[in-house]
Amino acid sequence: MNPSRRVIVVGAGPVGLCLSLALAQAGVAVCLIEARDDENFLEQVPRAGTNHPATLEFLDRIGLYQKLEPRGIVAPLFHYWDRPEGKLVAEFDHAHLKDDTRFPYVLQCERIKIVEEALKLAKAHPNIDLRLSTAFTTFTQDADGVVAEVTNADGGSESIRGAYLVSGEGARSNVRKDLDIEFEGFTYADRTLNIEVAYDFRRHGYTERNYISDPDEWSNLFHWSGPPDRWRVHFPTREDESDEELRRPEVLQKKLQAFLPTGKEFEIVGSNVYTVHQRVAQKFRSGRAILAGDSAHVNSPIGAMGMNSGIHDAFNLAGKLVAIFRGEADDGVLDRYERQRRHVAIQHTQADTIRNKRVLAEKDPAVRRKNHEQLRRTSEDPKLARAFLLRSSLLDSIREADRIP
Ligand SMILES: Cc1cc2nc3c(=O)[nH]c(=O)nc-3n(C[C@H](O)[C@H](O)[C@H](O)COP(=O)(O)OP(=O)(O)OC[C@H]3O[C@@H](n4cnc5c(N)ncnc54)[C@H](O)[C@@H]3O)c2cc1C
């Protein structure tokens, strides 16, 4: 493989894998470096899983959608609930997008299944040199290319040459740190408790995706096909509560009973606590090194935008790298990648996830009433509902980015 015609991608998360597959399928050679090995690749904490219509269009292009649909749940609806009132505020139906996308629904399919299926495709592709059990440490670059330093499966050091280096390493990106790029933004003081429950919440009127507002304890409730078939409930935590305290079985049961008093023990199949950041890298590109996905931006999961917008970075970048290798563009197009995707990260992903949390946690009764009234009116008016869904499904963000020169 000619190193001067190859892209080094660090991280086989959803972003690194989608980028590698899109490049490889367009004839560009990739060296994909992943610290995990075959044994522990699937032992990752539960994270993303709601795949928006715009993302499904991209996954379909690389043959991944067909693998994921049978493993997920097709969910055209989502709900806003008012927890103190116990009332459904608004129901949004992606059918309003039937003329905008071939996928007028979200696919509830967990990140772990996405990387599992994508890794199989990557292993089978002759243009991808997959290095599992290989940890990227640092890199250098000059006018001709990049050299990535890695610790390989045998524990030895190795230098890997390529034309470009893309960090799909996630939030703790070494590439970003090496380049001394500021990760601008803030971290929420409250963390989020995630409880996984084997219980069918639909019998109480909930749909597969629910956003539940409450001035004291907002929550999200999502359905996953598993196995095991289960629901994920998120609650905010207080700053003084420790992980151990929060995850005690009796504390989890109490939280769930307060949320939905069934009088019977819930079957809890997992729990974890996570910290939520809202940050965007000050630059997405420095010479031949490029950031994508969580290494470039992180956000609250309320609205399901992190993995989705990261996958959109991957496809935007793949198109530009392919054009460079085909001699159809010079590498100035990578500055356009930064302009487009940084704009989306700030004006869409950050703005919307910050607002989503504020609406769910709003304490002022008058503002809550106004928010709810607006959501109800929007959901009931087909024109307003379509506009709302174009934004929440990230289709708007892609159309807007396309207009950025
Ligand atoms: C609880 C929770 C729920 C979420 N829900 C949603 C949701 O519903 N929808 C949504 O869009 N987003 C959601 N997100 C966000 C989403 O999980 C991330 O945005 C997404 O996983 C980022 O993908 P990535 O490929 O950039 O990075 P990651 O998924 O973090 O993958 C990085 C990969 O790089 C590897 N790696 C890291 N460092 C190195 C190194 N030095 N050398 C080699 N390999 C390395 C890692 O092992 C990993 O495989 C959620 C996040 C959380 C915490």
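Just so it is clear, the model here is predicted, and its values are computed rather than measured. Atoms within a ligand are numbered from 1 in the order they appear, just like the ligands themselves.
- Each of the atoms 7 (C), 8 (O) of ligand 1 lies under 4.0 Å from some heavy atom of Gly49.
- Taking every non-hydrogen atom of Ala35 and a distance limit under 4.0 Å, the qualifying atoms of ligand 1 come out as 43 (C), 44 (N).
- Within ligand 1, counting atoms from 1 as listed, the ones closer than 4.0 Å to a heavy atom of Gly170 are 27 (O), 30 (O), 32 (C).
- Between the Asp60 side chain and the Gly63 main chain, no donor and acceptor come within less than 3.5 Å of each other.
- Considering both main-chain and side-chain atoms, Arg232 never comes within under 3.5 Å of ligand 1 through any nitrogen or oxygen pair.
- The backbone N or O of Ala12 sits less than 3.5 Å from a side-chain atom of Glu34, completing a donor-acceptor pair.
- Between Glu34 and ligand 1, at least one pair of N/O atoms sits closer than 3.5 Å.
- Within the structure, ligand 1 has Thr134 among the residues with a heavy atom less than 4.0 angstrom away.
- Among Pro14, Ala292, Ala304, Gly293, the residue whose heavy atom sits closest to atom 23 (O) of ligand 1 is Pro14.
- Contact atoms of ligand 1 toward Gly306: 10 (C), 11 (O), 12 (N), 19 (O) (distance under 4.0 Å to a heavy atom of the residue).
- For the atom pair Arg368 CZ and Lys363 NZ, the distance stands at 10.0 Å (nearest 0.5 Å).
- With hydrogens left out, the protein atom closest to atom 12 (N) of ligand 1 is Met307 N, 2.9 Å, a heavy atom.
- Looking from atom 53 (C) of ligand 1 to the surrounding protein, the closest heavy atom is Arg47 CG, 3.9 Å.
- In terms of polar-atom proximity, defined here as any N/O pair under 3.5 Å, Phe136 does make such a contact with ligand 1.
- Side-chain atoms of Asn308 come within 3.5 Å of backbone N or O of Thr50 as a donor-acceptor pair.
- If you check which protein heavy atom lies closest to atom 13 (C) of ligand 1, you get Ala48 CB, 3.0 Å.
- Partner of Tyr211 under the ring pair (Phe, Tyr, Trp, His ring centres under 6.0 Å) criterion, chosen from Trp218, Phe92, Trp81, Phe222: Phe222.
- In terms of N/O distances under 3.5 Å, ligand 1 is not approached by Phe41.
- Distances between N or O atoms of Arg111 and those of ligand 1 include at least one value under 3.5 Å.
- Here's the thing with Ser295: none of its N/O atoms is less than 3.5 angstrom from an N/O atom of ligand 1.
- Counting the atoms of ligand 1 from 1 in the order shown, those under 4.0 Å from a heavy atom of Pro301 are 3 (C), 4 (C), 5 (N).
- Contact atoms of ligand 1 toward Gly168: 32 (C), 33 (C), 34 (O) (distance under 4.0 Å to a heavy atom of the residue).
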Begin with the C-alpha distance, continue with both residues' side-chain angles, and end with the deciding distance and a verdict on salt bridge (charged side-chain N to carboxylate O under 4.0 Å, His left out) for Glu184 and Arg342. CA-CA 12 Å; Glu184 296 168 336; Arg342 231 181 142 257; 3.6 Å; yes

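- Salt-bridge check for Glu373 with Arg376: passed, with a basic side-chain N closer than 4.0 Å to an acidic carboxylate O.
- The side chain to side chain donor-acceptor pair (under 3.5 Å) test with Gln278 singles out one residue from Thr349, Thr353, Asn299, and that residue is Thr353.
- Considering OH of Tyr105 and CG of Leu77, their distance stands at 14.0 Å, rounded to 0.5 Å.
- Interface of Ala135 with ligand 1, defined as ligand atoms under 4.0 Å from a residue heavy atom, comprises 42 (N).
- Residue Val15 holds the heavy atom nearest to atom 25 (O) of ligand 1 of all those in Val15, Asn220, Asn40, Thr138.
- In terms of protein heavy-atom proximity, atom 37 (C) of ligand 1 is nearest to Glu169 O, 3.1 Å.
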Practice item. Given salt bridge (charged side-chain N to carboxylate O under 4.0 Å, His left out), test Arg230 with Glu110 step by step and report yes or no. Key: CA-CA 12 Å; Arg230 68 202 187 286; Glu110 303 90 312; 3.3 Å; yes

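- The shortest N/O to N/O separation between Gly11 and ligand 1 does not fall below 3.5 Å.
- Ligand 1 lies nowhere less than 4.0 angstrom from a heavy atom belonging to Gly310.
- Residue contact annotation: Asn194 has no non-hydrogen atom under 4.0 Å from ligand 1.
- Just one of Asp352, Thr192, Val276, Asn356 meets the side chain to side chain contact (heavy atoms under 4.5 Å, CB included) condition when paired with Ile302; it is Asn356.
- Only the side chain of Tyr274 comes within contact range of ligand 1, with a heavy atom under 4.0 Å; no backbone atom does.
- To the nearest 0.5 angstrom, Arg341 atom CZ is 11.5 Å from Phe315 atom CZ.
- For the pair Arg288 and Tyr164, the cation-pi criterion (under 6.0 Å, within 45° of the ring axis) is fulfilled.
- Applying the 4.0 Å criterion to heavy atoms of Asn174 picks out, from ligand 1, the atoms 41 (N).
- A salt bridge does not link Arg83 with Asp216: none of the charged nitrogens is closer than 4.0 Å to a carboxylate oxygen.
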